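Take a look at the structure below.
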Amino acid sequence: MTAPTFWQLPVAAMAFAVGALLQVGVIRGYAGFGASTVWVGCLCLVLPPSAVVPSTLLLEVASSAALAPRVWPDAHRPSLRWLLAGTLAGLPAGIWAPDALPVHATRLAVGLVVGVSALALAVTRRTRPLGGPARTGGAGVLFGLLNGACGVGGPPVVLMYLASPLPIGVSRASLVVFFLAADLLTVGAAGAGGLLGWAVLAQTALFLPIALTGVALGGWAYRRAAGDVRQIVLGILAVVSLGLVAQAVVA
C-alpha cells in the first residue's frame, strides 16, 4: 500500500506543513544546518516517515546547492573527505532500515534522535578538536545510517563541528558543502532503492519553492547579522522531539 502524501492531508495539516517548510528553510539559510532534522520532525507529525524522508532529502540537496557557491572557499576540506568516506560506508544499512521498521517505531526513533540532538546541542562547547580520520569517519558512518533510515543524519556532523574551535563561518561552510555532497549520495541510493515514487516527487515539487524561499530569507539575514542561532534551533528541536515521541507512544 502506498503511503499517503501531502495531497491526502486535511487543510489544517497542509497549512501546518507549509508553515514548517518556510520557517525551517529560514533556519537552514541562516545557520547552514538543522533543516533536515526539524523538517523531518515537523512533517512526521502529519505524514508517515516513508513519505517525509525522500522529500526531505531532495529539499536538503536544493537548499545546500543554493548556499554552496557562496561558502565553498571557506569549507574545511580535510574533514570533508573523511566524512564522505564514512557516509558511503553507512548508507546501505540506513537505506534498508525503513522497510524493516513499522511506522510508529520509525517515528519514535526520529523523535529520540531529535531529542538527543537538542540535548547535545545545549551542552556543546567549542573547545574540542575535530580529531583524526577515525573520529571524523565515524561521524560520517553515523550520518549515513541515520540519513538513510530517517533523514536526520545531521546531528553527529553538526555537533562535531560545533564542538570544535573552528570559526563559525568555517563550520557553517563545511556543513553546507558536506550536506550537499552527502545528500546527493543518499538521494542516489534512495532512488536505486525505489523510494522516490511519483507521489513523493510531486509532493517535493510543491515543497521546493516554499523551502527555498525560506532559505533565501535566512541567507539574507545571516549576511547581515552573522550570529549564532543554536538556541533557536535547540528550542525547536525540543518541541518537535516531544511531539513525535508523544505521538508514537499514544498512537
Side-chain angles (χ1 to χ4, degrees), residues 21-41 56-57 59-84 86-87 114 117-118 120-131 135-137 139-140 142-144 146-147 151-186 211-237 240:
L21 286 163
L22 181 62
Q23 293 179 45
V24 178
V26 172
I27 292 172
R28 179 66 157 88
Y30 192 105
F33 67 89
S36 61
T37 304
V38 187
W39 267 329
V40 169
T56 300
L57 290 172
L59 292 177
E60 273 286 347
V61 168
S63 300
S64 296
L67 295 170
R70 285 182 176 272
V71 303
W72 169 251
D74 297 326
H76 188 265
R77 291 168 180 73
S79 60
L80 291 174
R81 287 193 288 269
W82 290 108
L83 280 172
L84 289 171
T87 297
V114 172
S117 302
L121 190 58
V123 300
T124 296
R125 297 293 181 269
R126 301 180 62 81
T127 57
R128 187 177 183 182
L130 280 177
R135 186 193 300 171
T136 310
L142 283 175
F143 176 92
L146 293 171
N147 216 46
V152 291
V157 180
V158 169
L159 293 170
M160 183 190 78
Y161 279 114
L162 290 183
S164 80
L166 289 174
I168 189 65
V170 174
S171 294
R172 178 179 182 271
S174 302
L175 288 167
V176 169
V177 173
F178 170 72
F179 287 143
L180 176 57
D183 285 327
L184 280 171
L185 292 174
T186 309
L212 289 182
T213 297
V215 170
L217 290 171
W220 175 86
Y222 176 81
R223 290 190 295 274
R224 281 149 183 80
D228 188 347
V229 296
R230 287 184 295 173
Q231 295 305 312
I232 297 173
V233 175
L234 171 63
I236 295 173
L237 290 179
V240 168

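Just so we're clear, the structure is a prediction, and the values are computed from it rather than from any experiment.
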Original post:
What heavy-atom pair brings Asp74 and Gly169 nearest, and what distance separates the two atoms?
Top reply: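 Nearest pair, atom of Asp74 first, then Gly169: CB-O, 4.5 Å.
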
**OP:** Quick one: closest heavy-atom pair of Ala173 and Ala75, and the distance?
**Re:**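 For Ala173 versus Ala75, the nearest heavy atoms are CB-N, 3.8 Å.
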
Original post:
Between Trp39 and Ile27, is a side-chain contact (heavy atoms from CB on, under 4.5 Å) present by the stated rule, with each step listed?
Top reply: CA-CA 11 Å; Trp39 267 329; Ile27 292 172; over 6 Å; no

Original post:
Who passes side-chain hydrogen bond (donor to acceptor under 3.5 Å, both in side chains) against Ser79, sequence neighbours left out?
Top reply: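 Residues passing side-chain hydrogen bond (donor to acceptor under 3.5 Å, both in side chains) with Ser79: His76, Tyr161.
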
Residues forming a side-chain contact (heavy atoms from CB on, under 4.5 Å) with [X], sequence neighbours excluded:
{"X": "Ala139", "answer": "Leu83, Met160"}
{"X": "Arg70", "answer": "Arg223"}
{"X": "Ala65", "answer": "Leu180"}

Subject >> Test applied, side chain to side chain contact (heavy atoms under 4.5 Å, CB included); reference residue, Trp72; option that passes from Val176, Val177, Leu67 >> reply: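 Among the candidates, only Val177 passes.
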
Original post:
Can you tell me if Arg28 and Ser64 form a side-chain donor-acceptor pair at under 3.5 Å?
Top reply: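 Yes, a side-chain donor-acceptor pair sits under 3.5 Å.
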
Mind checking the [atom1]-[atom2] spacing from [X] to [Y]? Nearest 0.5 Å is all I need.
{"X": "Leu184", "Y": "Phe179", "atom1": "CG", "atom2": "CZ", "answer": "13.0 Å"}
{"X": "Leu80", "Y": "Thr136", "atom1": "CG", "atom2": "OG1", "answer": "10.0 Å"}
{"X": "Leu21", "Y": "Leu212", "atom1": "CG", "atom2": "CG", "answer": "10.5 Å"}

Original post:
Is any side-chain heavy atom of Val157 closer than 4.5 Å to a side-chain heavy atom of Thr87?
Top reply: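 SC-SC contact between Val157 and Thr87 ruled out.
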
